Colleague: 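Got a structure here, written out as structure tokens. Questions coming.
A quick note: this is a predicted structure, and the numbers were derived from the prediction, not measured. Every chain is numbered from 1, with letters handed out A, B, ... down the list of sequences. Below, all heavy atoms of this structure are taken into account, side chains as well, without hydrogens, waters or symmetry copies.
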2 protein chains.
Amino acid sequence: MSTIRDVAKQASVSVATVSRVINQSGYVHIKTKERVEKVIKQLNYQPNDVARSLYKGRSKMVALLVPDIMNPFFPQLARAVEDVASKYGYTFVLCNTDDEKEKELAYLNALRQKSVDGMIIVSSKLSQEDVSDITTPMIALDRKISIDIDLVTVNNQDGAQQAVRFLMQKGCQRIGHICGPENASSSKARLKGYLDVVKNEPWFSSGYIRSGKYGFEAAFEATKKMLTEHPDIDGLFAANDLMAVGALKAAEQLGYRVPDDLSIIGFDGIGIGKATKPAITTMAQPIYEIGATAAEMLITRIQDTTIPITEKELRVKLIERGSTRVS
Amino acid sequence: MSTIRDVAKQASVSVATVSRVINQSGYVHIKTKERVEKVIKQLNYQPNDVARSLYKGRSKMVALLVPDIMNPFFPQLARAVEDVASKYGYTFVLCNTDDEKEKELAYLNALRQKSVDGMIIVSSKLSQEDVSDITTPMIALDRKISIDIDLVTVNNQDGAQQAVRFLMQKGCQRIGHICGPENASSSKARLKGYLDVVKNEPWFSSGYIRSGKYGFEAAFEATKKMLTEHPDIDGLFAANDLMAVGALKAAEQLGYRVPDDLSIIGFDGIGIGKATKPAITTMAQPIYEIGATAAEMLITRIQDTTIPITEKELRVKLIERGSTRVS
DNA sequence: TTGTAGGCGTTATCAA
DNA sequence: TTGATAACGCCTACAA
């Protein structure tokens, strides 16, 4: 790996001049510029990003922290963030936190020490004080972290209401809810939306709610328990699609026919929902757009840290498929 | 962000002493050590990784380059690599290349400029000369890149043979193959395994092979065409599970009953294969183990670049599910 | 046991 | 239009 000094020597100029050529800054004679460029090509010189980062205090890297890389929602999101990041010349770093506060804090630290320029965070565990001393630009995604951090979400509560009402329209009389982790704001909003619709129903009790922690396995178990305890349930609203698939599998195992005996609706709109049979009816989020929006916001904030905190809410959309009964 | 100098000043020692305390190197009086540590805590000092990287020429980062982050195979792999990486104190970087040579080369460059310590690469497009000038430790995964790069794979050819023979045992008479991208060594090996078994069959012709490029959509289309042209096909070997799901959906759309009219077997053993109905019979790879193995190999090589090139082959295992007929 | 100082590769300031 | 040089923050000979 040759350095700027090697180039300078070869081209019989100072490092300052080479630097000017590289960065297209300041004046440099066309003749010398050509000479330097030739040497650069000859030596296949590439500026060392680490040295640059040290000097500038910036690294041209952005990170995305997600709780579960195995949930297809997040790869799709990651894809979007990466696209935008690389569009602006940023290197993209993906970090998986397992929804554990400790790992999240460890990453926050590691990334700061690496002078990462910005982060997009999906976290149920972090709170205001955990991030109050962090000056690196941050965007919260899907789940609110603190009032002074930008946020990108969807109309969760409203979407959940729509989902539950849809089940009712289709004739469901007893609707259960598999909710996400209790600390996640998205999960809380969806639960709220569910409650808005059903809490005054005569049949409703807290037994109609169980946590699936946004995961397949937990949802599978939760559904089995719920259906066993409340065999009268004929509709199920899962707070995400991964859990909806878990619920579907659980229902099948218990001998339910979906959607004849039980209608299931999910949330997210991930690809796997189309692979099951029946395919999962869902409140689809514009996942790619969410990621791209967050990434754009992040880069805007990196470029100007003084802009006011904003919250952006995108909209979900019902996609009807086979897991809900027809009328 | 306080620096080592701030700590030194506060503790009335030199930066060298602080450095010694941080790195537990050289001699330092227990008394001064305590004092320094107190100040470090007070100031909440954290060493700047960028400066360290610059000095050492290493960054404590490893990268994983994958062709398609949306294929669940790769998140699972990423998960494994990340676990091992962080076990050894490395930060993990995930890069998505879309199986495009240009993006791969761009990443290779960007990562080198960032002094990334090592990379694990899944690539169909890179060849010996593309990487010959790279000194950063590298491991090829799933697909061979060059003879002088470590490789981690599975017994693809053998596994493919097993898969096809399994279909025959189950009574399939005409077996088609949806293959992966033509340049990927894993894809080539699986195709070879398929051919080993069927090439001397009287019915066989090249029309029984179509490329699905390891992707859902392409496999969906390929399957529809193949089944339309060869309605006699009663068995299908897809070179990965994502394509097997695509094939399943295509077959359904054409009115085939799986597995009664058509048996389908995949390759990989990703979770989604369990979500479909019928669930996908597959040659399962030990995905996590593959990723962990590659990561361990990478770190070994980072620590000692002189060790000889090795190729490690893990073994696939048949998992029978509903997409193949019973007898 | 501790401190001084040079260097890692860049960039930017200030003279020339 | 160009060049010397001081940072950026850290580590490690080498001296003391």
Colleague: In whole angstroms, how far is the C1' atom of dA12(C) from the NZ atom of K56(A)?
Modeller: 10 Å

Colleague: Is any side-chain nitrogen or oxygen of T3(B) closer than 4.0 Å to OP1 or OP2 of dG9(D)?
Modeller: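 Negative; the distance criterion is not met.
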
Colleague: So, is T32(A) near the phosphate of dT2(D), with a side-chain N or O under 4.0 Å from OP1 or OP2?
Modeller: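 Checking T32(A) against dT2(D): at least one side-chain N or O falls below 4.0 Å of OP1 or OP2.
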
Colleague: Should Y45(A) be listed as having a side-chain N or O under 4.0 Å from OP1 or OP2 of dT10(C)?
Modeller: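 Yes, within the criterion.
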
Colleague: Check the distance between dT1(D)'s C1' and R35(A)'s CZ and give it to me in whole angstrom.
Modeller: 12 Å

Colleague: Here's a test of your reading of the structure: between Y27(B) and A51(B), which maps to the more 5' nucleotide of DNA chain C?
Modeller: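 Mapping each residue to its closest nucleotide by heavy atoms, the 5'-most match is Y27(B).
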
Colleague: With respect to the side chain of A16(B), which nucleotide from dT5(D), dA4(D), dT4(C) is positioned closest?
Modeller: dT4(C)

Colleague: For the side chain of T17(B), counting heavy atoms from C-beta on, which of dG3(C), dC11(D), dG9(D) is nearest?
Modeller: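 Of dG3(C), dC11(D), dG9(D), dG3(C) is nearest to the side chain of T17(B).
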
Colleague: Could you tell me if R52(B) and N23(B) have a donor-acceptor pair between their side chains, going purely by distance under 3.5 Å?
Modeller: yes

Colleague: In whole angstrom, what separates N23(B)'s CG from dG9(D)'s P?
Modeller: 17 Å

Colleague: Within the structure, does a side-chain N or O atom of N48(A) lie under 4.0 Å from either OP1 or OP2 of dC8(C)?
Modeller: no

Colleague: Tell me: CD of Q46(A) to P of dT10(C), nearest whole Å?
Modeller: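 Distance check: Q46(A) CD to dT10(C) P gives 11 Å.
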
Colleague: Counting C-beta onward and ignoring hydrogens, is there a side-chain heavy-atom pair between E34(B) and I30(B) closer than 4.5 Å?
Modeller: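 Yes, their side chains come closer than 4.5 Å.
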
Colleague: Hey, what do you get for CD1 (I120(B)) to CG (L65(B)), rounding to the nearest 0.5 Å?
Modeller: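 It is 10.0 Å, given to the nearest 0.5 Å.
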
Colleague: Do the side-chain N or O atoms of R52(A) get closer than 4.0 angstrom to the phosphate oxygens (OP1, OP2) of dT11(C)?
Modeller: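 So the side-chain polar atoms of R52(A) do come within 4.0 Å of the phosphate oxygens OP1 or OP2 of dT11(C), strictly under.
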
Colleague: What is the distance, rounded to the nearest whole Å, between atom NZ of K33(B) and atom P of dT2(C)?
Modeller: 12 Å

Colleague: dT1(C), dT12(D), dT10(C): which one has an atom nearest the side-chain heavy atoms of Y55(A)?
Modeller: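 Between dT1(C), dT12(D), dT10(C), the one nearest the side chain of Y55(A) would be dT10(C).
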
Colleague: Rounded off to whole Å, could you give me the CD1-to-P distance for the I4(A) and dA12(C) pair?
Modeller: 11 Å

Colleague: In whole Å, what is the span from the CZ atom of R20(B) to the C1' atom of dG3(C)?
Modeller: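 Computing the R20(B):CZ to dG3(C):C1' distance gives 7 Å.
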
Colleague: Heavy-atom nearest nucleotide on DNA chain D for S25(B) versus V50(B): which residue maps closer to 5'?
Modeller: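 By nearest-heavy-atom nucleotide position, the 5'-most residue is V50(B).
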
Colleague: So, does S19(A) get its side chain near the phosphate of dT10(C), meaning an N or O under 4.0 Å from OP1 or OP2?
Modeller: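 For dT10(C), neither OP1 nor OP2 has a side-chain N or O of S19(A) closer than 4.0 Å.
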
Colleague: Heavy atoms, side chains only, cut-off 4.5 Å: are Y214(B) and S186(B) in contact?
Modeller: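 Heavy-atom side-chain distance check passes, below 4.5 Å.
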
Colleague: Report which part of the nucleic acid V13(B) touches: base, sugar-phosphate, or nothing (heavy-atom distance under 4.0 Å, all strands).
Modeller: sugar-phosphate

Colleague: Rounding to a whole Å, what distance do you find between L54(A):CG and dG7(C):P?
Modeller: 17 Å

Colleague: Would you say T300(A)'s side chain and E296(A)'s backbone share a donor-acceptor pair under 3.5 angstrom?
Modeller: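 The answer is yes, because a donor-acceptor pair under 3.5 Å joins these two groups.
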
